[in-house]
S.K.: 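Structure incoming, see below.
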Amino acid sequence: LRNADGRVGFGGDVITVNGSNVGIGTTGPHSLLQLKLSADPTSFATAAGNHLALGGVGTSNGYVTLGFGYAGVGTAYRPAAITYKNTQNGANQAGELGFWTRNDTSGDTVPTQRMVIGDDGKVGIGKTSGLSKTLHVDSTAGDASTPNGIMLANHIHGSDSQIYMYAENDSGTQSSGIIKYDPDALKMTIAGSNGTGMSIDSSGNATFAGGVGVTGDLTVTDTNAEIR
C-alpha cells in the first residue's frame, strides 16, 4: 500500500486509485476504470490476454450480462444490455451474443432482444432463434401504408448506391451481380457479370439487355408467353 501525489496503490503499480479513478495496470487512469496490459496482443488473445473477462459458471443456456443505463433498485432491469448465452458446454464453452433494448422507462420492463450473433456466425435482426441464413431480418414495424424494410442511404454526392452479390458455381468459379440505384439518372439497374440485364427509370419504363425497351404498361396474361 502506498500513497504518492494523492494516489493510492495496491501491489506496486498493479492497482491504482487516483481520486475517483481506478487503474489496473496503469498508474494514471483517465477514466473511472481503466484497464491496461503491458502490451496489446496483435492477434485474437487467449484468456490471459483479455483486458476484461465476464465469465459464468457453465450453466446450460445461462446468460452473462453487461447492462447499460440506470436501474433504481437491484430488482429493476437496466434499459439495455449485451449478453453472452452459453449454448454449448464442454471442456470450454460456445455461445451467442445478444443485444437488448427497451423503448419505455419502466424498470419492470424486460428489454427485448433485438439482435443475435449465433455461435455458428449467423446474424438475426428481429429474429433470435431458428436462423437458417447468414443474415435474417424480421420485423413487425410499419403497416400497409408505411411498409418496413431495409434502407440503404448513400450521402456521397454523385455516388450510386449498390448491393453487391457474389457466388461460386459448381466448379468453384466466382461470378457477381449487382442491384444499383443511380441518383443522377433516377434509374434502378440489375446487372450480372456480363453487364446490365435490366434497368427501370423513374417513370417505370424498362430496358432489357440487348436494347429491348418497354415504355408504358406491359401486361402479360399467359404464363407461358415469351417476350422476344
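Numbers here simply count residues along the sequence, with the first being 1.
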S.K.: Should we count CD1 of I156 as having more than 12 external heavy atoms under 6.0 Å?
M.R.: no

S.K.: Under 4.5 Å between side-chain heavy atoms, counting indirect links through other Ile/Leu/Val/Met/Phe/Trp/Tyr residues: same cluster for W100 and L97 or not?
M.R.: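 In one cluster: no.
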
S.K.: Give a yes or no answer on whether the side chain of S106 reaches the backbone of D108 with a donor-acceptor pair at less than 3.5 Å.
M.R.: yes

S.K.: Determine the minimum heavy-atom distance between Y77 and R102, stating which atoms define it.
M.R.: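 Heavy atoms only, the tightest pair is O-NH1, 2.8 Å.
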
S.K.: Ignoring hydrogens, what is the shortest heavy-atom contact between N61 and K85? Give both atom names and the distance.
M.R.: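 Shortest heavy-atom contact: OD1-CE, 3.7 Å.
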
S.K.: Going from CG on N103 to OG1 on T109, what distance comes out if it is rounded to the nearest 0.5 angstrom?
M.R.: 8.5 Å

S.K.: Of all heavy-atom pairs between S171 and N169, which one has the smallest distance, and what is that distance?
M.R.: OG-OD1, 2.8 Å

S.K.: Could you tell me whether a side-chain N or O of T87 sits under 3.5 Å from a main-chain N or O of A94, the two making a donor and an acceptor?
M.R.: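 Yes, T87 side chain to A94 backbone: donor-acceptor pair under 3.5 Å.
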
S.K.: How many angstroms lie between atom CD of E96 and atom OG of S129, to the nearest 0.5 angstrom?
M.R.: 8.5 Å

S.K.: Considering all heavy atoms of both residues, which atom of F68 and which atom of P79 are nearest to each other, and what is their separation?
M.R.: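 The pair with the smallest heavy-atom distance is O-CD, 3.1 Å.
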
S.K.: Please say which of L186, I163, D160 ends up in a side-chain contact (heavy atoms from CB on, under 4.5 Å) with Y181.
M.R.: L186

S.K.: Consider only side-chain heavy atoms of I, L, V, M, F, W and Y, link residues closer than 4.5 Å, and tell whether Y84 and V116 are in one cluster.
M.R.: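 No, Y84 does not connect to V116 through the hydrophobic network.
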
S.K.: Can you measure from CD1 (I190) to CE (M198) and round to the nearest 0.5 angstrom?
M.R.: 3.5 Å

S.K.: Does atom CG of D120 have more than 12 heavy-atom neighbours, drawn from other residues, nucleotides or ligands, at distances under 6.0 Å?
M.R.: yes

S.K.: Can you check whether N21 reaches S31 side chain to side chain, under 4.5 Å on heavy atoms?
M.R.: no

S.K.: Does I150, at its CD1 atom, have more than 12 non-hydrogen atoms belonging to other residues, nucleotides or ligands within less than 6.0 Å?
M.R.: no

S.K.: Are L54 and Y63 connected, step by step, through hydrophobic side chains (Ile, Leu, Val, Met, Phe, Trp, Tyr) whose heavy atoms are closer than 4.5 Å?
M.R.: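 The answer is no; the residues belong to distinct hydrophobic clusters.
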
S.K.: Can you measure from OG (S139) to NZ (K127) and round to the nearest 0.5 angstrom?
M.R.: 13.0 Å

S.K.: Could you state whether V123 and L131 fall into the same hydrophobic cluster, counting links through intermediate Ile, Leu, Val, Met, Phe, Trp or Tyr residues with side-chain heavy atoms under 4.5 angstrom apart?
M.R.: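 No, because V123 and L131 fall into different hydrophobic clusters, even though each may have its own neighbours under 4.5 Å.
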
S.K.: State whether the number of non-hydrogen atoms from other residues, nucleotides or ligands found under 6.0 Å of D184 atom CG is greater than 12.
M.R.: yes

S.K.: State whether the side chain of R114 and the backbone N or O of F99 hold a donor-acceptor pair below 3.5 Å, judged by distance alone.
M.R.: no

S.K.: Between the side chain of T83 and the main-chain N/O of T65, is any donor-acceptor distance below 3.5 Å?
M.R.: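 A pair under 3.5 Å: no.
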
S.K.: Nearest 0.5 Å, please: how far is NZ in K36 from OG1 in T27?
M.R.: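 Taking OG1 in T27 and NZ in K36, the distance rounds to 8.0 Å.
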
S.K.: Going hydrophobic residue to hydrophobic residue with side-chain gaps under 4.5 angstrom, can you get from I178 over to Y166?
M.R.: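 The answer is yes; both residues are in one hydrophobic cluster.
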
S.K.: Are Q162 and T189 side-chain neighbours, meaning at least one heavy-atom pair lies under 4.5 Å?
M.R.: no

S.K.: Can you measure from CG (N205) to OG1 (T207) and round to the nearest 0.5 angstrom?
M.R.: 7.5 Å

S.K.: Quick one: closest heavy-atom pair of N89 and T59, and the distance?
M.R.: ND2-C, 4.1 Å

S.K.: Got more than 12 heavy atoms from elsewhere within 6.0 Å of NZ, K122?
M.R.: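 Counting neighbours around NZ of K122, more than 12 heavy atoms of other residues, nucleotides or ligands fall under 6.0 Å, so yes.
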
S.K.: What are the two closest heavy atoms between N50 and L37, and how far apart are they?
M.R.: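 What the structure gives for the nearest pair is O-CD2, 4.4 Å.
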
